[in-house]
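Accompanying notes for the structure given below.
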Amino acid sequence: MTQTYISDISKHLGEEITIKGWLYNKRSSGKLGFLEVRDGSGIIQGVVSKKEVSEETWANTEKVTQESSIILTGVPREHPKKPGVYELDIKTLEIVTLTEDYPITPKEHGVEFLMDHRHLWLRSKRQHAILRVRHTIIKAVRDFFDDNGFTLCDTPVFTPAACEGTTTLFEVGYFDEKAYLTQSGQLYNEATAAAFGKVYCFGPTFRAEKSKTRRHLTEFWMVEPEVAYAKLDDVMTLAENFISSVVGRVLETRQEELKHLERDTSKLEKAMPPFPRLQYDDAVKMLQQAHAEGKVENRFEWGGDFGAPDETYLSSQYDKPVMVHRYPSAIKAFYMEPDPARPDLALCVDVLAPEGYGEIIGGGERMSSHELLLQRIHEHQLPPEAFDWYLDLRKYGSVPHGGFGMGIERCVAWVCGLEHVRETIPFPRMLYRLKP
RNA sequence: UCCUCAGUAGCUCAAUGGCAGAGCACUCGGCUGUUAACCGAGGGGUUGUAGGUUCGAGUCCUACCUGAGGAGCCA
């Protein structure tokens, strides 16, 4: 028995086909049954008429329940009232397994209940739309780098020490010693960039921060490109080309999903280069003026890092992602290259997504001087022996280089217009949430 | 770690300190074009836990537990 996928239904109009899937929802009108069937590729409404089918098929139609697995045969055709929409005239309905008491009903549910049933929640239309956009974003990310001369050089998940020494790490046993789950592949990227020129890594990242907000996961996926000989301006140009390429791909191929999510795509269409480049100093002035005008609650002082409300205000001033660059070195990672014109500033950049989605990219130019890097390691009270290989990169053919990291889930949340990143990954890992 | 809010039927939510309710889901019946279908009937409860105030607590007070949102930190 061959199987036809619902996504291919338009190629089989008028033919008898077999659909293998699950019952999404059922409605009936006496001797006429309406079965919404999903098979992973899509959803189609099947129509069963009592007088057209066998007693067995009609009995199955009456007793089949939501999310029962079913195999049906029938003939697809256009919906009588909706042009471009297809229906299936069902001839036979076989129940593979009858489901009893499916927990997720067609009505509303709360977050806790849905999260506890994430393994089933994934079957819903909304989750389907989001995860298909996620798939497309990841594909577009890989295509962008693959098509631009980058080599994929994935970095380890087990690491011997903190990459940046600031954020909390997950500690795991590693035979007789301790290891930590990676919080960034960047340091390793710098080694592979010196070997391959343009590289990227893409994998899971772990942060043991006790953050409990709509923007945080403890396990998330990050893509990190790194380019030898790149200066800060090159990094920013790469970032804006990269983001616009990814967003453009979603707009090209996922209109249906974005429509289901009720995303205002006109806002995404504006995410085309060039992105505004805002120096930290000027961003501070904007925030201070906004405070004076009563638009921001707290007065921002030069030297601090932006909080979520600050980022939201700054991004609200633009209709496309904004790139904030040259933060004070004191609040950035130890490996950031200082600005020769202003040594107290780091040649770094954060890309803030529009509509309050916050920082989706962080990156910049890395320090190329062995002497200065060693000094910074000492200043940050990091163990130099843990960074011997990293320092080697400055001993053997050091060059200016830079790159950035983008959190996939925040990007998906922004593109889909979601309230929370928990829906952007099949099984989110969050503070106090390890199951399912 | 801190701040705020919320826990009542399988789910989503009502109930002035005074009889524990509705919709969905489920079971039964009705309907040949339904779109979270609809109409009628039925079963379904230790109101998060422990204590306190009161003639009387789902409701007020205290502690704890669980969850949500936010802060800090970050992508």
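Proteins come first, then strands; the chains are lettered A, B, ... in the order of their sequence lines, and each starts at number 1.
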Please work out if [X] contacts a base, only the sugar-phosphate, or nothing of the nucleic acid, heavy-atom cut-off 4.0 Å.
| X | answer |
| --- | --- |
| A:G33 | nothing |
| A:K82 | base |
| A:K50 | nothing |
| A:E100 | nothing |
| A:P309 | sugar-phosphate |
| A:T65 | nothing |
| A:H79 | base |
| A:I361 | sugar-phosphate |
| A:M222 | sugar-phosphate |

message = Suppose you measure atom P in B:C74 against the same atom in B:G17; what distance do you get, rounded to whole Å?
response =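 Pairwise P distance, B:C74 against B:G17, rounds to 47 Å.
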
Interatomic distance at C1', B:U8 relative to B:U66, whole Å =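 Nearest-Å result for B:U8 against B:U66 at atom C1': 15 Å.
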
Proximity of [X] and [Y] rings by center, below 6.0 Å:
| X | Y | result |
| --- | --- | --- |
| A:F334 | A:F387 | yes |
| A:F306 | A:Y280 | yes |
| A:F145 | A:F202 | no |

query = If you look at every heavy atom in A:Y24 and A:Q66, which pair is closest and at what distance?
reply =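 So the minimum-distance heavy-atom pair works out to O-CG, 3.5 Å.
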
task = Give the minimum heavy-atom separation between A:L88 and A:I19, together with the two atoms involved.
result =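 Closest approach of A:L88 to A:I19: CD2-CG1, 4.1 Å.
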
Heavy atoms from other residues, nucleotides or ligands near [atom1] of [X] exceed 12 (cutoff 6.0 Å):
| X | atom1 | value |
| --- | --- | --- |
| A:Q289 | CD | no |
| A:F196 | CZ | no |
| A:E262 | CD | no |
| A:E379 | CD | yes |

Side chain [X] and base [N] donor-acceptor under 3.5 Å:
| X | N | value |
| --- | --- | --- |
| A:H216 | B:C74 | yes |
| A:T105 | B:G10 | no |
| A:R27 | B:C31 | no |
| A:E112 | B:U66 | no |

Among [options], which is the nearest nucleotide to the side chain of [X]?
| X | options | value |
| --- | --- | --- |
| A:K31 | B:G69, B:U32, B:C74 | B:U32 |
| A:E87 | B:A36, B:U12, B:U34 | B:U34 |
| A:H109 | B:A75, B:G33, B:C11 | B:C11 |
| A:D305 | B:U12, B:C74, B:G33 | B:C74 |
| A:T213 | B:G69, B:C11, B:G72 | B:G72 |
| A:H420 | B:G72, B:G69, B:C31 | B:G69 |
| A:R215 | B:C31, B:A75, B:A71 | B:A71 |

In whole angstrom, give the distance that lies between atom [atom1] of [X] and atom [atom2] of [N].
| X | N | atom1 | atom2 | result |
| --- | --- | --- | --- | --- |
| A:F113 | B:G10 | CZ | P | 11 Å |
| A:I104 | B:A25 | CD1 | C1' | 13 Å |
| A:E209 | B:A75 | CD | P | 10 Å |

ask   = For A:Y102 and A:S29, take the nucleotide of RNA chain B holding the closest heavy atom to each; which residue's nucleotide lies nearer the 5' end?
value =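 This one resolves to A:Y102.
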
query = Quick one: on RNA chain B, does A:L32 or A:G307 contact a more 5' nucleotide (nearest heavy atom)?
reply =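 So the residue in question is A:L32.
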
ask   = Are any side-chain N or O atoms of A:R207 and backbone N or O atoms of A:Q183, one a donor and one an acceptor, separated by less than 3.5 Å?
value =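 Looks like yes, one N/O pair under 3.5 Å.
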
query = So, A:F220 and B:A75: ring centres less than 5.5 Å apart, planes less than 30° off, yes or no?
reply =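 Given the distance and angle limits, yes, they stack.
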
task = Could you label the plane-to-plane angle of the A:H117 and A:F113 rings as parallel, tilted or perpendicular, counting under 30° as parallel and over 60° as perpendicular?
result =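 A:H117 vs A:F113 ring planes: tilted.
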
ask   = Between A:T159 and A:T182, do the side chains contain an N or O donor and an N or O acceptor separated by less than 3.5 Å?
value =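 Their side chains do not contain a donor-acceptor pair, so the 3.5 Å distance test is not met.
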
request  = Taking only heavy atoms on the protein side, list every residue of residues 348-360 of chain A lying under 4.0 Å from any atom of RNA chain B, sorted numerically.
outcome  =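 Under 4.0 Å from RNA chain B: A:E359, A:I360.
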
remark   = Taking Watson-Crick and G-U wobble contacts under 3.5 angstrom, with | marking pairs to another strand and [ ] crossing pairs, the secondary structure of RNA chain B is written (((((((..((((....[..)))).(((((.......))))).....(((((..]....))))))))))))....

request  = Please determine if a side-chain N or O atom of A:K212 lies less than 4.0 Å away from the OP1 or OP2 oxygen of B:A68.
outcome  =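 Answer yes for this pair, as a side-chain N or O of A:K212 is under 4.0 Å from OP1 or OP2.
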
